[in-house]
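Below is one structure, written out as structure tokens; the observations come after it.
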Amino acid sequence: MKILTWNINSVRLRAPLVIKAIQALAPDIVCLQETKCPDPQFPEKIFRDAGYEHAHFTGMKGYNGVAILSRVPFHTVDKWDRFGKADCRHAAVEVISPKFKKPVQIHNLYIPAGGDIPDVNVNEKFAHKLGFVDEMGKFFADTYTRTDPIVVVGDFNIAPLVNDVWSHKQLLDVVSHTPIEVEKLTAMQNSIGWVDAIRHFTPEPEKVYTWWSYRNKDWKASNRGRRLDHIWVTPPLKDHLKGYKILSDARDWTQPSDHVPVMIELDL
DNA sequence: ATGGTAGGTACCCTA
């Protein structure tokens with residue numbers, strides 16, 4: 001089973017690029033973030049016509065929004081409001097796997113970016129981000145155990161490791177790579193023993209990026225990337241990891257997202 | 001030290 005995650009920054013604008021990524025990678029399940037689309041306007045048909053007839057999404061006007069599209073049947077698990085806000089950042093489904101006795105859940109997550117200033121006293125968006133990550137860790141610990149087969153994917157907006165950013169030293173005070181964010185994300189990861197599936201294949205100190213800012217003249221030449229998008233699995237799935245792909249080419253497509261598609265293949 | 005770009009929306013917010 002192939003699971004793709006991509007922050008596409010407007011699903012209505014970039015649905016054709018999602019189709020292009022689907023044609024390149026042939027995922028079974030596609031998890032999108034930043035759909036920026038209220039549910040009644042979600043472009044379901046274009047994905048249905050491409051073979052992804054199952055969909056679970058939660059969106060709102062202008063901001064945020066997550067969607068799960070699938071060519072295999074799933075059961076909807078739920079969608080959640082997080083940290084007291086109805087901001088459409090978390091949804092989950094479950095699929096039946098012949099390898100496991102119980103269903104495998106897939107969680108799609110869009111963690112808040114957190115604003116520019118890494119100080120909770122002057123920046124409420126940063127406080128929201130840290131609180132959101134705390135709440136996710138508590139949710140996983142309260143709802144599951146580390147023996148449940150679960151996948152969580154999404155734009156976590158945090159690059160936790162030294163080589164998840166182009167310059168560890170220069171980004172220590174930049175939101176996405178500050179020590180407090182890394183501490184919170186690590187606590188969330190430890191909640192039920194999440195395994196970082198991308199680093200399973202490309203351990204430190206190899207540089208791995210999934211996002212390059214729009215504000216760089218030449219993203220490829222400057223290569224000031226960050227690994228903000230993640231795929232984690234619980235311990236029972238670790239031995240079933242078969243491969244991964246980061247489609248960096250997509251950063252060069254016409255009208256690109258600033259994030260690129262990240263995919264994991266699991267033997268389920 | 002600063003400002004750079006993008007999308008959605010409505011004249012500004014978030015990323």
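These numbers come from a predicted model, not from an experiment.
Relative orientation of the A/His107 and A/Tyr144 rings is perpendicular, given thresholds of 30° and 60° on the angle between their planes. The aromatic rings of A/Trp212 and A/Tyr209 stand perpendicular to each other, their planes meeting at an angle above 60°, with 30° marking the opposite boundary.
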> Can you give the dot-bracket line for DNA chain B, using ( ) for pairs inside the strand, [ ] for pairs that cross earlier ones, | for pairs with another strand and . for unpaired bases, where Watson-Crick and G-U count if both distances are under 3.5 Å?
Replying inline: ....((((...))))
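Between the side chains of A/Gln33 and A/Thr5, at least one donor-acceptor pair of N or O atoms lies under 3.5 Å. Between the side chains of A/Asp252 and A/Trp219, at least one donor N or O lies within less than 3.5 Å of an accepting N or O.
Of the residues near DNA chain B, A/Arg12 and A/Asn7, the one whose nearest nucleotide (by heavy atom distance) lies more toward the 5' end is A/Arg12. Remark on DNA chain B: of its neighbouring residues A/Asn64 and A/Asn216, the 5'-side contact belongs to A/Asn216, judged by nearest-heavy-atom nucleotide.
Annotation for A/Glu124: atom CD does not count as buried by contact number, only 12 or fewer foreign heavy atoms lying within 6.0 Å. The environment of NZ in A/Lys238 is sparse: at most 12 heavy-atom neighbours from other residues, nucleotides or ligands sit within 6.0 Å. For CG of A/Asp78, the number of neighbouring non-hydrogen atoms (other residues, nucleotides, ligands) closer than 6.0 Å is greater than 12.
Mapping heavy-atom proximity under 4.0 Å, the span of DNA chain B touched by chain A runs 5' to 3' from B/dG4 to B/dA15.
Spacing between B/dT9 and B/dT14 at atom P, rounded to whole Å, works out to 15 Å. For the C1' atoms, the distance linking B/dC11 with B/dG7 amounts to 15 Å, nearest Å. If you take atom C1' in B/dG3 and the same atom in B/dA15, they sit 15 Å apart, rounded to whole Å.
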Would you mind writing out the side-chain donor-acceptor pairs for residues 79-86 of chain A within the sub-3.5 Å range, not counting sequence neighbours?
| from | atom 1 | to | atom 2 | distance (Å) |
| --- | --- | --- | --- | --- |
| A/Arg82 | NE | A/His90 | ND1 | 3.1 |
| A/Arg82 | NH1 | A/Glu135 | OE2 | 3.0 |
| A/Arg82 | NH2 | A/His90 | ND1 | 3.3 |

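Note on A/Lys61: only backbone sugar-phosphate atoms sit closer than 4.0 angstrom, heavy atoms only; bases stay farther off. A/Arg226 comes within 4.0 angstrom of nothing in the nucleic acid, heavy atoms only. Using a 4.0 Å heavy-atom criterion, one finds that A/Arg224 contacts no nucleic acid atom at all.
Looking at A/Asp28 and A/Lys2, no side-chain N of the basic residue comes within less than 4.0 Å of a carboxylate O on the acidic one, giving no salt bridge.
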